[in-house]
Each structure stands twice: as C-alpha cells, then as structure tokens.
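Hydrogens, waters and symmetry mates are skipped; everything else that's a heavy atom, side chains included, is used. Keep in mind the model is a prediction, meaning the values are calculated, not measured.
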Amino acid sequence: MSEDWEKNIEKFLYEEHAKGVLRSDSSQSNNKRIILAIAASLIIVCAFLFLFQTDNRAEFISSNYEFPEIHSSRAAMSVWSSKLKIAQKDGWSSEDLSLFSGRLNEEQKYYYAHVLFALDSLDAADNIIRTTSWKNNFFESDVRWLSFLGSLKKNDSKDVLKEKFQFLDQKHQTLAHPWID
Amino acid sequence: MGGALHDKALSSLYSDQDLKQKLFGLFKSKGLGKNVSETLWTDLVIQFGYLVKEGKYKEEGKLAAYLKNLGHYLVLNHFRSERKNTLDLNAEPLEIIQEFEALPIFKKELKSLLSDQLNKLGETCKKILLLWAAKYSMQEIQSQLGIVSPEATRKRKHSCYKKLLSNIESNPSIKKELMQYL
C-alpha cells in the first residue's frame with residue numbers, strides 16, 4: 001500500500017517536472033513567435049519606407065527635373081545642368097541622381113550622364129553608363145564631349161551654361177552619338 | 001528512456017501541430033472550448049510521457065490513435081471532475097477507456113496541496129526531486145544543480161524525498177486525497 005502511495009507522489013513529481021518542461025517550451029516558442037512577429041513587422045515597415053522613399057524620390061526627380069524632348073537635348077542639357085545643381089544642393093546623393101535614370105531611354109541616358117559628369121557626380125554618371133548598351137564605346141567616342149564638359153563649372157550661372165552649350169552645338173553638330181549604330 | 005532525452009521527446013510531441021489539431025478536433029467535438037482544450041492537450045502530453053516513462057506504452061498501432069484514446073479518457077475525466085453530462089462519451093467503446101483506467105489523474109485541489117508540500121522543501125530539494133522523478137541520473141542532477149558529487153546528490157535526494165513523504169504522511173487530508181487514487 002505504501003508503495004502505491006509513493007508511486008502516486010512520484011507521478012505527481014513527474015507531472016510537475018513535465019509541466020515545467022512544456023511551460024518553458026511554450027514560453028520559448030512564444031518568445032520566438034514575438035521576435036519573429038517584431039522582425040517581420042520591422043521588415044515590412046522598412047520595405048514600405050524604402051519603397052515609398054525610392055518611389056517618392058524618383059517621382060520627385062521626375063516631376064522637378066523633367067527631361068525635355070530629345071530633339072533639343074543639347075540645349076536641354078543646360079536646363080538639366082542647372083536643375084541638377086539645385087538637386088545636389090537639395091542633398092540628392094549619387095544614388096538618388098542615378099535612380100531616375102531607370103526611366104530614361106538610351107539616348108536620354110547619354111545626355112543625363114554627361115550632365116552628371118559636368119557636375120562632378122561621377123558615381124552617378126558611372127552607375128548610369130553601366131546600364132547602357134553603349135557603355136563599352138562611351139569613353140572612346142566622347143573625348144570631345146568630355147573635354148568640353150571639363151569646361152563646365154559647378155557654379156556656372158544658367159546663362160553661362162546656355163552659352164557654353166550653344167557653343168557646343170555649333171562646334172559639334174556632326175558629333176556621332178554612341179547609341180547610333 | 002529517461003532524463004534529458006525523454007524531455008526532448010516530450011517537447012517534440014508537444015510542438016507537433018498535426019497531432020495537436022487532431023486532438024483539438026476531438027475536444028471540440030465534445031463541446032470543449034479552446035482554453036480547456038489547451039489544458040487537456042498539455043495534460044495529455046504529460047500523461048503520455050508518464051506512460052512511456054513507466055514502460056506502459058507499447059509501440060503497437062499508430063501513435064495518433066493511442067493519443068486519441070488517451071484524449072477520450074482525459075475528456076471523460078474532465079467531465080467527471082466537472083460533474084457534467086457524459087452521455088456522448090458513454091457512446092464510445094468501453095474497452096478504449098479501460099486501457100487507461102489504472103492511470104490516476106489527480107484533481108487540481110490535490111495537486112495544489114502537494115505543490116505546497118513540495119515548495120516547503122526549498123528550491124534545491126524541489127529541483128532534485130523533480131529531476132529524479134523524470135529519471136535524470138544522479139550525475140545529470142549533480143551537474144545541473146552544481147552539487148559536489150553524485151553520491152552527495154543521492155544522499156540529498158534521499159533526505160528530500162524522506163522529508164516530503166514524512167510531511168505528507170503527517171497531513172491526514174492530503175493522505176486521504178491521495179488514497180482515493182489507489
């Protein structure tokens with residue numbers, strides 16, 4: 001009889017132990033669930049913020065630094081140049097400046113990259129050129145462009161830039177553009 | 001199988017969502033709510049662990065079917081303790097329930113009284129006894145609790161257990177409750 005009675009005590013002790021094991025599991029599992037939920041929420045928030053910011057910045061550049069019609073692209077470069085100067089002053093990084101290029105065609109990218117070169121946004125220009133089909137012959141065919149662009153200064157006024165681009169137009173009317181086969 | 005390995009198996013069973021859902025289906029079919037089902041699921045895993053520890057679970061047939069039968073028994077026990085209508089459960093084949101008739105399921109009141117007695121022994125004594133009851137070896141208990149040697153652990157276990165039995169024996173109401181499960 002005493003043995004059975006003791007057996008019941010042992011059973012109670014076992015149950016208490018097992019309860020502790022399962023409670024600890026449950027608590028760990030809950031903690032994991034909470035951590036995962038927090039991590040998932042943070043990822044969603046970050047992804048949302050990133051997408052929102054990316055889209056917002058691209059949208060902002062698109063609406064504020066609108067690229068003019070391509071047939072007047074050289075003249076447009078002066079406008080772009082001055083606008084992008086403002087963009088730089090506004091704190092747009094190289095990444096921001098290259099972001100918008102995803103919306104440009106090959107020809108537009110060509111001009112856009114040059115303007116960025118002129119504004120010393122070399123990283124942004126480089127990022128854009130890398131995405132183009134003409135990236136391999138850019139530097140060969142554009143020596144003249146680059147030498148001209150070297151004369152552009154960050155603090156050039158809009159009128160000075162316009163004058164320089166008009167000069168470029170006169171001098172390089174027949175310039176072969178790399179995107180034209 | 002005892003000790004840490006047994007606990008690992010218990011945890012694994014407890015986190016088996018497939019089995020849990022099957023048992024929850026059974027509990028729900030008996031009109032039990034989510035909270036009671038959670039409690040019964042925990043009880044079921046603990047009782048199954050005890051049966052395994054005692055070598056009373058024979059690995060014959062499917063585990064899910066065995067656990068379902070154990071679930072039936074626990075539901076019946078739940079209704080008995082709650083003094084509710086057990087008509088639906090009586091429709092179950094009796095031999096399934098008989099399989100577990102010798103398994104004592106202690107009432108909350110008794111568990112609470114025993115817990116009080118256990119807590120009176122002090123934290124180390126309590127831990128030693130719980131690990132011992134789960135078939136941890138003296139070396140494992142010694143290592144977990146930082147006791148000097150397995151021999152010292154054995155002596156402490158003996159002294160703690162003796163004290164617990166003595167306390168319970170000197171408490172007629174607890175002993176009377178315990179006797180009901182013999």
Item to check | Step-by-step side-chain contact (heavy atoms from CB on, under 4.5 Å) determination, B:K135 to A:Y14 | outcome: CA-CA 9 Å; B:K135 289 199 169 174; A:Y14 171 80; over 6 Å; no
Checklist entry - Which bit of B:L103 comes within less than 4.5 Å of chain A, counting heavy atoms only: side chain, backbone, both or neither? => result side chain
Item to check | Sub-4.5 Å side-chain heavy-atom contact between B:L110 and A:F12 | outcome: no
Checklist entry - Do other residues, nucleotides or ligands put more than 12 heavy atoms under 6.0 Å from B:K127 NZ? => result no
Checklist entry - Heavy atoms, side chains only, cut-off 4.5 Å: are A:E15 and B:D43 in contact? => result no
Checklist entry - Is any side-chain heavy atom of B:L114 less than 4.5 Å from a side-chain heavy atom of A:L13? => result no
Checklist entry - Out of B:I168, B:L10, B:L165, B:L129, which one racks up the most heavy-atom pairs below 4.5 Å with chain A? => result B:L165
Next on the checklist: Is it true that, when you exclude B:N35 itself, more than 12 heavy atoms of the residues, nucleotides or ligands shown sit nearer than 6.0 Å to its CG?
Outcome noted: no
Checklist entry - Is the Lys NZ or Arg CZ of A:K11 less than 6.0 Å from the centre of B:F106's six-membered ring, within 45° of the axis? => result yes
Checklist outcome for this item: Between A:N8 and B:L178 the two heavy atoms that sit nearest each other are ND2-O, 3.7 Å
Next on the checklist: Could you go through A:H17 and B:D7, starting from their C-alpha distance and side-chain angles, then the distance that decides it, and tell me whether this counts as side-chain contact (heavy atoms from CB on, under 4.5 Å)?
Outcome noted: CA-CA 9 Å; A:H17 169 81; B:D7 288 351; 2.8 Å; yes
Next on the checklist: Hydrophobic clustering (ILVMFWY, side-chain heavy atoms < 4.5 Å, transitive) - are A:L42 and A:I34 grouped together?
Outcome noted: yes
Checklist entry - Does a salt bridge link B:E54 with A:K7, judged by any charged N lying under 4.0 Å from a carboxylate O? => result yes
Checklist entry - What about B:V75 and B:L19, same hydrophobic cluster or not, with Ile/Leu/Val/Met/Phe/Trp/Tyr joined at side-chain heavy-atom distances under 4.5 Å? => result yes
Item to check | Neighbourhood of chain A inside residues 152-164 of chain B, taking heavy atoms under 4.5 Å as contact | outcome: B:Y161, B:L164
Item to check | Hydrophobic cluster identity match, B:W41 and A:V21, side-chain contacts under 4.5 Å | outcome: no
Item to check | Part of B:S15 within contact of chain A (heavy atom distance under 4.5 Å) | outcome: neither
